[in-house]
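First up is the structure itself, then whatever we jot down about it.
Side chains are part of it too, since the values below use all heavy atoms of this structure and drop only hydrogens, waters and symmetry mates. Lettering follows sequence order; numbering is per chain, from 1.
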There are 2 protein chains.
Amino acid sequence: MTDQTQNAFRALADPTRRDILHMLTTQDMTIGQVAGRFDMTRAAVKKHLTVLTDGGLITVETRGRERINRLNPTGLAPVLSWFDIFDHFWDDRLSDLKSAIEKDTQ
Amino acid sequence: MTDQTQNAFRALADPTRRDILHMLTTQDMTIGQVAGRFDMTRAAVKKHLTVLTDGGLITVETRGRERINRLNPTGLAPVLSWFDIFDHFWDDRLSDLKSAIEKDTQ
DNA sequence: TTAATATGATACCAAATGGAATCATATTGG
DNA sequence: CCAATATGATTCCATTTGGTATCATATTAA
């Protein structure tokens with residue numbers, strides 16, 4: 001039972017993983033497809049995808065011998081919730097966004 | 001000219017540093033004050049504060065022999081800007097928040 | 001069936017990271 | 001001035017992390 005908030009922040013901390021998330025906003029991709037866009041081995045990309053899965057930021061659907069990686073924007077909820085600590089500095093607008101997203105992803 | 005976005009995400013990736021930011025939402029604190037709340041050496045806390053400074057999330061004001069650490073919510077702008085890549089999933093509300101914050105902190 | 005394809009898993013490595021320990025520097029108070 | 005205080009800087013260490021190389025497994029296609 002690891003901390004989901006920590007896993008999500010950890011996943012976001014690496015630029016390659018943020019790039020992968022960026023790619024997945026356009027289309028779902030297999031590991032091979034993602035790896036094809038980076039100058040690193042498929043194994044390295046696989047590790048990043050595992051970290052992203054642990055952080056709840058992507059989901060994986062097995063289709064035959066392929067694994068389709070799909071963005072899971074709901075996984076950002078813990079991150080955005082944490083930003084609530086800055087409400088005092090932002091006139092409660094961040095909190096408004098958070099509840100809007102929660103309503104949106106249910 | 002290091003990447004400010006990366007530095008900010010990196011700074012947020014550690015739970016101790018997020019706790020420090022949380023503390024600083026209540027009041028400005030010296031290094032000694034921050035260290036007094038953690039079960040680790042002052043040197044370790046100092047390292048975290050340096051990472052937070054590099055990430056632009058806090059500012060430091062020297063007052064005599066003390067260094068007052070102060071929250072810098074503006075430093076989160078690069079992070080929130082990055083979240084814009086999820087606009088398609090969130091009906092542009094994250095983007096609205098970002099511009100609201102930018103206007104607020106100018 | 002069997003070879004090609006797509007992925008998983010493991011071992012290994014260098015570099016980064018979190019932390020303690022220690023010494024140095026600067027400022028304040030008596 | 002001088003001792004106490006607050007912080008900075010450096011060294012060292014164990015662990016984590018990003019990456020490659022390699023081998024194993026599962027699925028598809030001919």
Side-chain angles (χ1 to χ4, degrees), chain A residues 1-24 27-72 79, chain B residues 2-24 27-72:
Chain A
M1 197 72 77
T2 52
D3 183 353
Q4 195 65 18
T5 302
Q6 173 55 24
N7 284 349
F9 270 108
R10 210 268 262 190
L12 291 172
D14 184 87
T16 298
R17 289 193 289 268
R18 291 199 304 278
D19 285 345
I20 291 175
L21 290 178
H22 202 335
M23 288 178 189
L24 293 180
Q27 57 173 335
D28 302 340
M29 299 175 79
T30 65
I31 294 184
Q33 286 175 319
V34 176
R37 304 237 200 150
F38 288 97
D39 187 24
M40 68 179 71
T41 64
R42 184 183 51 75
V45 170
K46 161 65 173 159
K47 280 192 179 182
H48 284 304
L49 290 171
T50 299
V51 174
L52 287 168
T53 302
D54 291 345
L57 301 179
I58 65 174
T59 57
V60 185
E61 175 197 345
T62 300
R63 197 162 61 198
R65 63 184 158 184
E66 294 181 339
R67 266 77 177 176
I68 313 298
N69 296 277
R70 178 170 294 117
L71 195 65
N72 181 38
V79 175
Chain B
T2 53
D3 184 353
Q4 197 64 17
T5 301
Q6 174 55 24
N7 284 349
F9 271 108
R10 211 268 264 189
L12 291 172
D14 184 87
T16 298
R17 289 194 287 267
R18 291 199 303 278
D19 285 346
I20 291 174
L21 290 179
H22 201 337
M23 288 178 187
L24 294 179
Q27 58 172 336
D28 302 340
M29 299 175 79
T30 65
I31 294 185
Q33 286 174 317
V34 176
R37 304 239 199 148
F38 288 96
D39 187 24
M40 69 178 72
T41 63
R42 184 183 50 75
V45 170
K46 160 65 174 160
K47 280 192 178 182
H48 284 304
L49 290 172
T50 298
V51 174
L52 287 168
T53 302
D54 292 345
L57 302 179
I58 65 173
T59 58
V60 185
E61 176 197 346
T62 300
R63 198 161 61 197
R65 62 184 159 185
E66 294 181 340
R67 266 75 177 180
I68 313 299
N69 296 277
R70 178 170 295 117
L71 195 65
N72 180 36

Between [atom2] of [N] and [atom1] of [X], the distance in whole Å:
| X | N | atom1 | atom2 | value |
| --- | --- | --- | --- | --- |
| A:R18 | D:dG18 | CZ | C1' | 15 Å |
| B:I31 | D:dT7 | CD1 | P | 6 Å |
| B:L49 | D:dA6 | CG | C1' | 13 Å |
| A:D54 | D:dT17 | CG | C1' | 14 Å |
| B:E61 | D:dT7 | CD | C1' | 15 Å |
| B:K46 | D:dT10 | NZ | P | 11 Å |
| B:Q6 | D:dG18 | CD | P | 10 Å |
| A:D14 | C:dA15 | CG | P | 17 Å |

Counting only side-chain N and O atoms of [X], is one of them less than 4.0 Å from OP1 or OP2 of [N]?
| X | N | value |
| --- | --- | --- |
| B:T41 | C:dG19 | no |
| A:T16 | D:dG18 | no |
| B:R17 | C:dG18 | yes |
| A:K47 | D:dG18 | no |

Exercise for the section: Look at the side chain of A:R65 against the base of C:dT7 and say whether a donor-acceptor pair falls under 3.5 Å; ignore hydrogens and angles. Expected result: no

Exercise for the section: Please evaluate the base of D:dG8 for a donor-acceptor partner in the side chain of B:R42 within a cut-off of under 3.5 Å? Expected result: yes

Nearest-neighbour nucleotide for the [X] side chain, [options] considered:
| X | options | answer |
| --- | --- | --- |
| A:A43 | C:dA20, D:dT20, D:dT7 | D:dT20 |
| A:H48 | C:dG8, D:dG8, D:dG19 | D:dG19 |
| A:R10 | D:dG18, D:dA21, C:dG18 | D:dG18 |

Exercise for the section: Could you go through the side-chain contact (heavy atoms from CB on, under 4.5 Å) check for A:I31 and A:L49 one step at a time? Expected result: CA-CA 8 Å; A:I31 294 184; A:L49 290 171; 3.5 Å; yes

Problem - Closest non-hydrogen atom pair between B:R67 and B:T62, with its separation - result: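 So the two residues come closest at NE-OG1, 3.7 Å.
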
Handout entry: Heavy-atom closest pair, residues A:G55 and A:A8
Key = O-CB, 3.7 Å

Exercise for the section: Could you tell me whether a side-chain N or O of B:R10 sits under 3.5 Å from a main-chain N or O of B:V51, the two making a donor and an acceptor? Expected result: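 No: the side chain of B:R10 does not pair with the backbone of B:V51.
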
Problem - Backbone of B:R63 reached by a side-chain donor or acceptor of B:E66 within 3.5 Å - result: no

Practice task
Name the residue closer to the 5' end of DNA chain C, choosing between A:E66 and B:M40 according to the nucleotide with the nearest heavy atom.
Solution key: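 Final value for this comparison: A:E66.
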
